[in-house]
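Heads up: the structure comes next, in structure tokens.
By convention in this document, chain letters (A, B, ...) are assigned in the order of the sequence lines, proteins followed by strands, and residues within each chain are numbered from 1.
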Amino acid sequence: MGASFVPITVFTLLWGIVGIVCPFFAPKGPNRGIIQVVLMLTAATCWLFWLCAYMAQMNPLIGPRLNNETLIWMSRTWRDGMTIRHDWKEIRPFKIFITVVIHSLS
Amino acid sequence: MGTMFRSEEMVLCQLFVQPEAAYVSMYELGEAGIAQFRDLNPHVNDFQRRYVSEVRRCSEMERKLRWVAGELPEPPPPPKPDRCSLSPREINILEERIDFIESEIQEITRNARNLKSDYLSLIELKTLIEKMQTFFQDHSAQRKISASVQIYNNDAVLGHLGFIAGVVTTARIPAFEKMLWRISHGNIFFKQAQIDEPLKDPITGHELQKTVFVVFFHGEQIKLRVKKVCHGFKATLYPCPATYKDQLDMLAGVGTRIKDLEMVLEQTENHRRLVLTNIARDISTWMVAVRKEKAIYHTLNMFSMDIVKKCLIAECWVPRRDLTVVQKALENGVKASGSPIPSILHYVPTHETPPTFNRTNKFTRGFQNLIDSYGIASYREVNPALYTIITFPFLFAVMFGDVGHGIIMTAFAAILVIYEKKFSKVQTDNEIWNIFFGGRYIILLMGIFSIYTGLIYNDMFSKSLNIFGTSWRNVYEDGVLQNHTMLELDPKTAYTQTPYPFGLDPAWQFASNNIIFLNSFKMKLSIIFGVIHMAFGVTMSVVNFNFFKKQEMIFLQYIPQILFLLLLFWYLCLLMFMKWIMYSAVAEDPASGTSCAPSVLIIFINMMLLKSSEDKPPCRAMMYDGQDQVQKTFLAIGFLCIPVMLFGKPVYKMIMAKKRKQYQQGVETGEEVEKEGHDGGMAEELITQCIHTIEYVLGAVSHTASYLRLWALSLAHAQLSAVLWQRVLIMGMGYPGVNSLKLYVIFAVWAFFTLAILVLMEGLSAFLHTLRLHWVEFMSKFYEGQGYAFAPFCFTDILENEDDERKAAAETNGGPPE
């Protein structure tokens, strides 16, 4: 099956934190309820949207039809998908994301 | 869920106020803006009410102030914040002052006018004499005339030439000359010269083009006629001496008089300016005070008078949470008036429907307006605006999804939000600007969500970002690549078997068959979100039923409705998820391979039409065992829900009515009249329910289909963006060096169309479609919208509205009314 553990966990956790954990820490006041609803709905819609996009690609039934020049360019400039996936910590956005998370926690 | 979930609870209050204390209390309530007063004398003519003279007095002051403001050379500064009411004495002083200022300015203006018209005639006379001198002297041919004129004048001998000089409007000259010619049968001599510098009309201030003329004639008879003609043409005649010496003397005299008048005029003007600048500082503040005063008396006019007790009675709707404020205002009024009798606040139980009041802040106001423009919520009904805060920008973003366009939109809205204080001070009539500014938080959220959906669609100005590394790789050898221009990657070999972790794979952006893939994805997405959105709306009705104590409706309406929706349409969504999981290009079992993947839509249609399809080995017609039975059960339950929706409510009502009647019969003998009335109601009830049921059942189908607009608009947006890139921006790219200049121009074109068409127009159309999805597809499931808005007595609203009205009046009349 095409599902991979890491991205599903990461994004579900991320939106779970936004939609389930964050509402508990919404600032007190007359607008607390509104902020909670906003957070929950945002998390629910965004997570489902991501999930649909992910699941639609899990088991592709057709592949992209590409120009031969594009194919050559792909294999030269984009590194092979397989190698990249195993060392995903090397990817910069993840690094930035993780450092941001660590900073905000400490 | 805070303040927005339902409208506020309202209380009908009765206020008993002493007339002396009423003014201050009303002032405080007007500042707070929390009470909607009801007119207790609706049958009394406006002119017969108690405080008519006060209202008239205020209107008069307002008119005077407006006239004075119109006289100001530049618009007055904004009013000073002044939060305390004026005492009656202060009002009197203010009125006297305004009267005095008005009469003073009128006086000055009148004087200035008189002086100016004097000045004008002197100037005319001066130019007249100057021109006359040229007529008399310069032309040798006229010497004779001049001589004979002199003789005529000096000796008063009949039979010589006489002349009349004057000034007439230039436009009338041709007609004037012709008329003179006719009446004298050609026996006159007409000379004219235009006055070069334009003169100003003292009253209107317009420029006047005038011409000096001299008419020479012979005999008294003609003189009379000429004078008549001059009068008819509104020419001003001036006595002009005939001799050169007299003319010079007169000219000198006129010159000194003009100089004197100029001095006087200047002084008058200075004085006027001084008076106006003195009041310019205060005029707005006074205006505000007078308008508040007028509004207060206007409200007091709605009160009824208890003649015996000498106190005013008012009725008003007040939010329950603000009752203390009202109480405080009443107490302050009593304190200020020093009256020993306190004001009384008293709740009135009523069966009337209270007004709907949703307390909003600057963030939620825009969303509330979106809902209110469909219809004001019924009293205490669930307010969809709360959910609209997220669902609206989200559904918009599904259609508008593009990182680049989203960033543009977010930046625009962020500027509006960051500098909102600065912008809100600037009052403009520009409607488009006001709409954008009013909806700045909506636009901001729409922009942010567009960035997110753009990232998922992996679309940025029709280009993709390869952040996580694509899941597709090239599997073809060099030889194959050289021989074929287009090659399709096979998911069996070229796919890494783990999808791109966030959003769509960037490889699809280059693919010539990306529309096939995107269509299938976006259509499914639209239906999934549509069904969830509708189910959410239907579920909202439960909250209403619970709140309004109609629990039976949960079983009679909600459960059949939600079952119908979920069993048929959510089942369709489940099939989509199953197809995504179960079928794979690398499946070992050929029945779940690429060639056997079923069309979800066809399965659904077959389910509806009760068609059975047969297995075509190796493929299976059904996705799982027992699917046929499950589908038939779902269908049966779904359709069984329709009669429940149709007859549930009327039958329930009938049973309840019967029970009540039995109970009544136990108490007293039955009433025939009521029974008959009820039968008519029953038929009506059935028809309404029938309409509702048909609407819901057909709506479930058509609304689900309606959500496909999410797919259609998103596809259109992506395609337009791609076309713009390929057809416009690509032209500027290519050979480096020479093309950089071309790119400079082409980029401007591309940027213009990106902004004008993709962001502005597509944004507008996506906005409208989102609005429709909310108003029709979402809100029709639970929203009644039969309420009326709370319109409190509030100074800020009154002042703003009057400003708007005044501006509108100024535009139509072309100037401030005097």
Least distance between heavy atoms, [X] atom then [Y] atom:
X: A/Gln57; Y: B/Gly503; result: NE2-O, 2.7 Å
X: A/Leu66; Y: B/Ala507; result: CD2-O, 3.8 Å
X: A/Asn59; Y: B/Ile581; result: ND2-O, 3.1 Å
X: B/Pro499; Y: A/Tyr54; result: CG-CZ, 3.3 Å
X: A/Phe11; Y: B/Pro501; result: CE1-O, 3.7 Å
X: B/Pro491; Y: A/Ile62; result: CG-C, 3.8 Å

Checking heavy atoms, do the side chain of [X], its backbone, both or neither come under 4.5 Å from chain A?
X: B/Pro393; value: neither
X: B/Lys524; value: neither
X: B/Asn458; value: neither
X: B/Ile389; value: side chain
X: B/Asp505; value: both
X: B/Asn513; value: both
X: B/Phe394; value: side chain

Could you measure the distance from the [atom1] atom of [X] to the [atom2] atom of [Y]? Nearest 0.5 Å is fine.
X: B/Gln497; Y: A/Met58; atom1: CD; atom2: CE; result: 11.5 Å
X: B/Met578; Y: A/Met55; atom1: CE; atom2: CE; result: 11.0 Å
X: B/Phe392; Y: A/Leu41; atom1: CZ; atom2: CG; result: 15.0 Å

Hey, is the main chain of B/Gln482 close enough, under 3.5 Å, to the side chain of A/Asn68 for a donor-acceptor pair?
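The answer is no, because no donor-acceptor pair under 3.5 Å joins these two groups.
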Do B/Tyr495 side-chain atoms and A/Pro60 backbone N/O form a donor-acceptor pair below 3.5 Å?
no
What residue, out of [options], has the most heavy-atom pairs lying under 4.5 Å from chain A?
options: B/Leu445, B/Ile528, B/Thr453, B/Thr364; value: B/Thr453
options: B/Val398, B/Asp478, B/Leu489, B/Leu525; value: B/Leu489
options: B/Ile516, B/Ile532, B/Leu487, B/Thr594; value: B/Leu487
options: B/Phe449, B/Trp508, B/Phe521; value: B/Trp508
options: B/Phe502, B/Phe363, B/Tyr583, B/Phe517; value: B/Phe502

More than 12 non-hydrogen atoms from neighbouring residues, nucleotides or ligands closer than 6.0 Å to [atom1] on [X], yes or no?
X: A/Ile17; atom1: CD1; value: yes
X: B/Lys492; atom1: NZ; value: no
X: B/Glu9; atom1: CD; value: yes

A/Asn67 versus chain B, the contacting section by heavy-atom distance below 4.5 Å:
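Both the backbone and the side chain of A/Asn67 come within 4.5 Å of chain B.
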Checking A/Thr45 against chain B: side chain, backbone, both or neither under 4.5 Å from a heavy atom?
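Interface part for A/Thr45: both.
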With heavy-atom distances below 4.5 Å as the criterion, would you say the side chains of B/Gln509 and A/Thr70 are in contact?
no
Side chains of B/Tyr500 and A/Pro7 in contact at under 4.5 Å (non-hydrogen atoms):
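No - every pair of side-chain heavy atoms lies 4.5 Å or more apart.
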Look at the aromatic rings of B/Tyr452 and A/Phe49 and report parallel, tilted or perpendicular, splitting at 30° and 60°.
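Tilted.
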Would you please test B/Asn466 and A/Met74 for side chain to side chain contact (heavy atoms under 4.5 Å, CB included) and show each step?
CA-CA 11 Å; B/Asn466 183 19; A/Met74 263 174 73; over 6 Å; no
Under 4.5 Å, counting heavy-atom pairs only, tell me which of A/Gly29, A/Ala44, A/Cys46 racks up the most with chain B.
A/Cys46
